[in-house]
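Values in this document were obtained by computation on a predicted structure and should not be read as measured data. Residue numbering restarts at 1 for every chain, and letters A, B, ... go by the order of the sequence lines.
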Number of protein chains: 2
Amino acid sequence: MKVKLASNYGFCFGVKRAIKIAQDYKDSATMGPLIHNQDEINRLKKDFNVGLYQDLKEVKDNDTIIIRTHGIPKNDLQKLKDHNAKVINATCPFVTTPQQIVKKMSEESYSILIFGDKNHPEVKGVASYAKNSSDVHIILDIEELKNINFKKNKIATVAQTTKKKEKYLEIINYLILRNKEIRVFNTICDATFENQDAARELSKEVDVMVVIGGKNSSNTKQLHAICLENCQDSYLIENESEIKKEWFKNKTLCGITAGASTPDWIIQKVVNEIELI
Amino acid sequence: MKVKLASNYGFCFGVKRAIKIAQDYKDSATMGPLIHNQDEINRLKKDFNVGLYQDLKEVKDNDTIIIRTHGIPKNDLQKLKDHNAKVINATCPFVTTPQQIVKKMSEESYSILIFGDKNHPEVKGVASYAKNSSDVHIILDIEELKNINFKKNKIATVAQTTKKKEKYLEIINYLILRNKEIRVFNTICDATFENQDAARELSKEVDVMVVIGGKNSSNTKQLHAICLENCQDSYLIENESEIKKEWFKNKTLCGITAGASTPDWIIQKVVNEIELI
């Protein structure tokens, strides 16, 4: 079976970088899971002895701790340092940027608006960089925005990297019409949308499509839905063991894409298997 | 005839203030017409000996010169000072704000985008406050924006005070999607829209409507068009001499509004005349 990979798929720049960093620091531990893929976490443990802490309390003196792409709240970073942990920062540069913006804008007496999910680790980390937590407001939609009473007359905005730009613009427009100064930082990362755009294009030109990723992963499910729009024969699998030969009967070209947490080695096994059909 | 005035009509805050300033400085001259209403300019000349210069070359040493609401380019202000003119600044505070924003943002190395008409005196004045004129771009729509190659990676935006907010947002949204930082200053003044909103409301509750203003004034014509939407019997007049008695036959309530350049004393004469019908 002939196979064609999407022009963008799988890990984003930040995750690729974090995994490379983890491999470079054997016998370390990540603070929270580095990626939403148990196979990859197992591989890092087996091949590089990279462990996993779920809680700061687990950290022991002189541990080597890897900060994952989402970043970490400022106080937690301090606690790690208090443990004399060797801290290896694999925070995605696209997340470091809003952290630094929040720090600077807060020092310049702006109220801070974060468009994102207040329970998401990335957002918790970004918010923690404000001088005063009371200057930071985290919202998911305009309804929540309406309830905010900004203390400062100038407002700076950042967005969680994976949020939709259209929704961010709606929020910004609402603010501009009601305030004298809005300082807008476009901190949204294109990676998720690049995978989606590439899947959309590829699914138009193939007659069967395989999407590789976690069945519970929302970004993988979205890729699958996008492929189904253009190619009825689109299948979602977690790994090569789920491939079924009958999918490829009378087909000439199989498109392949993968969710943002699917490592290349799993993708490669799927490609090899389908090429043998 | 019973008469009801719109809740907002006629001069905005800035024009009222400028005329008061002119009356306080007898024997002065304005740099350019203070207002687009010849009757009012004649009154200022007759009652307060406030003259009118059309060109800087007319200024004589030690003249008292009134800067009108639109403001004046920075270099022209300097030329007035070189003449030892006594400069009385009646620039509208809502225009001084974007002037100062352009100055500050330009000093902080922002590229400046002005949404406005590059031939309008207000915009010329605002633009003149940039450190380098090459950092300033003046546009009226997104098509013009597409041709701009911004030299700086951060952009500050201001708008001519009388522009429409919806169009300003369109321009800002275009910029946000393509740049890392946009610093948005909402410098649009509500005065024009407040007159329009008030005219819209009043024209719904009366059975005849009189709009007072210049027949060539675009804001007066727009007020008239808005009134006609709700009240077929809406008439545009320049002063009380144009009132026709038949307009009020079988009518019970006459609404009155006036364009942004219509002085109160003209409005009052119209009100008096209609009340006598």
Side-chain angles (χ1 to χ4, degrees), chain A residues 92-115 126 142 145 150 152-161 163-190 192-194 197, chain B residues 92-115 126 142 145 150 152-161 163-190 192-194 197:
Chain A
C92 174
F94 297 131
V95 175
T96 307
T97 300
Q99 288 175 348
Q100 293 309 308
I101 289 168
V102 166
K103 180 172 184 289
K104 185 159 180 279
M105 291 302 98
S106 148
E107 283 165 1
E108 291 183 20
S109 289
Y110 282 79
S111 280
I112 312 282
L113 187 87
I114 302 177
F115 167 43
V126 168
I142 289 187
L145 182 55
F150 290 101
K152 312 283 171 59
N153 59 3
K154 46 189 198 172
I155 303 167
T157 72
V158 296
Q160 189 177 337
T161 51
K163 285 288 158 204
K164 284 199 177 145
K165 289 175 181 177
E166 293 72 19
K167 195 101 189 250
Y168 189 35
L169 289 182
E170 265 181 43
I171 288 165
I172 292 162
N173 290 348
Y174 182 92
L175 286 171
I176 290 171
L177 292 178
R178 289 160 182 83
N179 294 277
K180 286 295 168 197
E181 182 187 346
I182 306 295
R183 199 158 168 180
V184 181
F185 295 89
N186 182 357
T187 53
I188 293 175
C189 175
D190 286 326
T192 309
F193 310 108
E194 284 170 356
D197 290 345
Chain B
C92 174
F94 297 130
V95 175
T96 308
T97 300
Q99 288 176 348
Q100 293 309 308
I101 290 169
V102 166
K103 180 171 184 290
K104 187 160 180 276
M105 291 301 99
S106 149
E107 283 164 1
E108 292 183 19
S109 289
Y110 282 78
S111 280
I112 313 282
L113 186 88
I114 303 176
F115 167 42
V126 168
I142 289 187
L145 181 56
F150 290 101
K152 312 282 172 60
N153 59 2
K154 45 189 198 173
I155 302 167
T157 72
V158 297
Q160 189 177 338
T161 51
K163 286 288 158 203
K164 285 200 175 144
K165 289 176 182 177
E166 292 72 19
K167 195 101 188 250
Y168 189 35
L169 290 182
E170 265 181 43
I171 287 165
I172 292 162
N173 289 348
Y174 182 93
L175 286 172
I176 289 171
L177 292 178
R178 290 162 181 81
N179 296 277
K180 286 294 168 199
E181 182 187 346
I182 305 296
R183 200 158 168 179
V184 181
F185 296 88
N186 182 358
T187 53
I188 293 174
C189 175
D190 287 325
T192 308
F193 309 108
E194 283 171 355
D197 291 345

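- Of the listed residues (B/Asn173, B/Leu177, B/Thr157), the greatest number of heavy-atom pairs within a distance under 4.5 Å of chain A belongs to B/Asn173.
- The number of heavy atoms from other shown groups lying within 6.0 Å of NZ (B/Lys152) is above 12.
- For A/Asn186 (side chain) and B/Lys180 (main-chain N/O), no donor-acceptor pair under 3.5 Å exists by modelled atom type.
- Looking at A/Ile172, the atoms closer than 4.5 Å to chain B (heavy atoms on both sides) all sit in the side chain, from C-beta outward.
- Atom NZ of A/Lys154 sits in a crowded spot, with more than 12 heavy atoms from other residues, nucleotides or ligands closer than 6.0 Å.
- How far CD1 of A/Ile176 is from CD1 of B/Ile176: 5.5 Å, rounded to the nearest 0.5 Å.
- Separation of atoms CZ (A/Phe185) and CZ (B/Arg183) is listed at 7.5 Å; rounding is to 0.5 Å.
- By number of non-hydrogen pairs under 4.5 angstrom with chain A, the leading residue of B/Asn179, B/Leu169, B/Thr97 is B/Leu169.
- With chain B as the partner, the residue from A/Ile182, A/Ile188, A/Thr187 showing the most heavy-atom pairs under 4.5 Å is A/Ile182.
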